[in-house]
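Everything quoted here is computed from the prediction, not taken from an experiment. In what follows, chains carry the letters A, B, and so on, assigned in the order in which the sequence lines appear, proteins first and then strands, with residues in each chain numbered from 1.
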2 protein chains.
Amino acid sequence: MEHPTKLPAVDTGETRAAAAGDVWLRPPRARRETPPLSRERIVAEAIALLDEEGLARLTMRRLAERLGTGSTTLYWHVKTKDDVIDLALDEVFGEVALPDPGDPSWRVDVTALILGWRAAMLRHPWSTAVLARPLMGPNVLTRTEFLHARLATAGFAGPELSALASALANYVIGSALMQATAEPADEEAARRAAERHLRERSDRYPTLAETGPPIGRDWDDAFALGLDCLLDGVQARAGRE
Amino acid sequence: MEHPTKLPAVDTGETRAAAAGDVWLRPPRARRETPPLSRERIVAEAIALLDEEGLARLTMRRLAERLGTGSTTLYWHVKTKDDVIDLALDEVFGEVALPDPGDPSWRVDVTALILGWRAAMLRHPWSTAVLARPLMGPNVLTRTEFLHARLATAGFAGPELSALASALANYVIGSALMQATAEPADEEAARRAAERHLRERSDRYPTLAETGPPIGRDWDDAFALGLDCLLDGVQARAGRE
DNA sequence: CCATCACTGGATCAATGATCCGGTGAATCG
DNA sequence: CGATTCACCGGATCATTGATCCAGTGATGG
């Protein structure tokens, strides 16, 4: 019982024939203005809602309201609220562009994939708060497959390949999670609170207080540096063996 | 451990006066056997509850019940349920042993810290599902401070130090999160489902299908390998500059 | 003309986070 | 020594939410 990819019963031959005759006379054809509410529409609206109002505001009722239906209806297309989140999350991963596998250097491709991965999550900060679930959607799997494949061309295989791919994935995920968490809406207030907290205890956390709050604002640079370290290590291992 | 915290009307001034005169006659002093429910007791019980029953079962009511009090009472010691989680989470970080800073090699200490960090989170798998919040508790800060300080002795400073410390932290966090997520109670069932899922689509995910499910069972080895890669990169950078 | 089936939603339930408000006893004060 | 304060407790109660029951509705095919 997959998704009912049912086509709205709108595009009948009758309609098309009339349109062929005289497009302008055709009544707006009351295009069943709410196309019968597909799983796709639900997920799309869920993502919009999450982007605009955040995870806490995602409610079956609110979601239904935005879709112009009753909340009960959602449960025909989806079994639980978690389903909605699973689908929305995988949709976010779908935004990650797969690098054109033409580049001869695996490192270039892997870097591009990881950066895109991170960017997608940061475009939808709520996604990082929702990662504690098995990631088995088709879009994640496709990206993971790409990562594995590209590392395979670097000469890795078996458990080592698996471990290195996981290491990269875990690094992006952890980084995005920490950044999205540390960068709430009221960034200014949060930062000031953190700084004050640290300064007040600068005796206990001297190094921390000196460097500033745990994480600065040069998120991109910091991430890139860590990724380079990791990839340096990986590359060094690609040679041997 | 039920019964109300009600104290038998025993501890009157009269009693105390008698006690002063003769210690042996003093009734066991009914030392309010449930110590008046401190924040510490709440947090300890919350962790026990989380360990035993998981995040979903953590309810203010259940927690109160286990503590032998009314749920309302908790709100005197704590402002919200999130407070409880914040405190519990920091408590988990408190389990991470700070390596004895005697070792001359920063890499040894850092490795030990990171491994301990990971172990603590995996001992309390729910903790990984709850990371999407600012980590500002004293225990996290202490560990972060240690990490920064040790990297400072390696010659790093400023944004670079901050970036590398974050990279390491993000890697542990991401790894623990992914492992705790992929290792649910019904590990067997989950693994089989994942394997079947992959095999059925082995045409789409050839490399993945060949290597096995996204992540094997040699979690420790995989983590250690990734950590070594990362630290190799860090160490290489410690030299220059 | 009817039966089926994809699809919808009002009413309703149970669980939960949180608050109102009224206790209770020990310590402190005058 | 009695009254008052204050740390601490909890029953009743609210609003919100995820989810289900069940009664529809309208198009399609027989």
* L141(A) and R204(B): CA distance, side-chain angles, deciding distance, side-chain contact (heavy atoms from CB on, under 4.5 Å) verdict -> CA-CA 9 Å; L141(A) 288 184; R204(B) 298 193 191 192; over 6 Å; no
* To do: Run the numbers on E53(B) and R62(B) for salt bridge (Lys or Arg N to Asp or Glu O under 4.0 Å), then give the verdict.
  => CA-CA 11 Å; E53(B) 313 192 31; R62(B) 278 188 77 77; 2.7 Å; yes
* To do: State which residue, out of R143(A), R118(A), R123(A), fulfils the salt bridge (charged side-chain N to carboxylate O under 4.0 Å, His left out) condition with E95(A).
  =>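 For E95(A), the salt bridge (charged side-chain N to carboxylate O under 4.0 Å, His left out) check succeeds only for R123(A).
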* To do: Using a cut-off of strictly less than 4.0 Å, decide whether T73(B) has a side-chain nitrogen or oxygen near OP1 or OP2 of dG10(D).
  =>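 Result: yes.
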* Think H77(A) has a side-chain N or O under 4.0 angstrom from the OP1 or OP2 of dA6(C)? ->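 The answer is no; no side-chain N or O of H77(A) sits under 4.0 Å from OP1 or OP2.
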* Asked: With sequence neighbours excluded, what pairs up with Y205(A) under the ring-ring contact (aromatic ring centres under 6.0 Å, His included) test?
  ->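 Once residues adjacent in sequence are excluded, Y205(A) has no partner under the ring-ring contact (aromatic ring centres under 6.0 Å, His included) criterion.
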Write down the distance between [atom1] ([X]) and [atom2] ([N]), rounded to a whole number of angstrom.
X: D83(A); N: dA19(D); atom1: CG; atom2: C1'; result: 13 Å
X: I42(A); N: dT8(C); atom1: CD1; atom2: C1'; result: 12 Å
X: I85(A); N: dG18(D); atom1: CD1; atom2: C1'; result: 11 Å
X: R39(B); N: dC9(D); atom1: CZ; atom2: P; result: 14 Å

* How close do P138(B) and D90(B) get, heavy atom to heavy atom, and via which atoms? ->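 It is CD-OD2, 3.2 Å.
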* For each nucleotide in nucleotides 14-23 of chain C, reading 5' to 3', give B when a protein heavy atom comes within less than 4.0 Å of its base, S when such contact involves only the sugar-phosphate, and - otherwise. => --BBBBB---
* With respect to W126(B), which candidate in I47(B), I85(B), L49(B) satisfies the side chain to side chain contact (heavy atoms under 4.5 Å, CB included) definition? ->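 Running side chain to side chain contact (heavy atoms under 4.5 Å, CB included) over I47(B), I85(B), L49(B) with W126(B) returns exactly one hit, I47(B).
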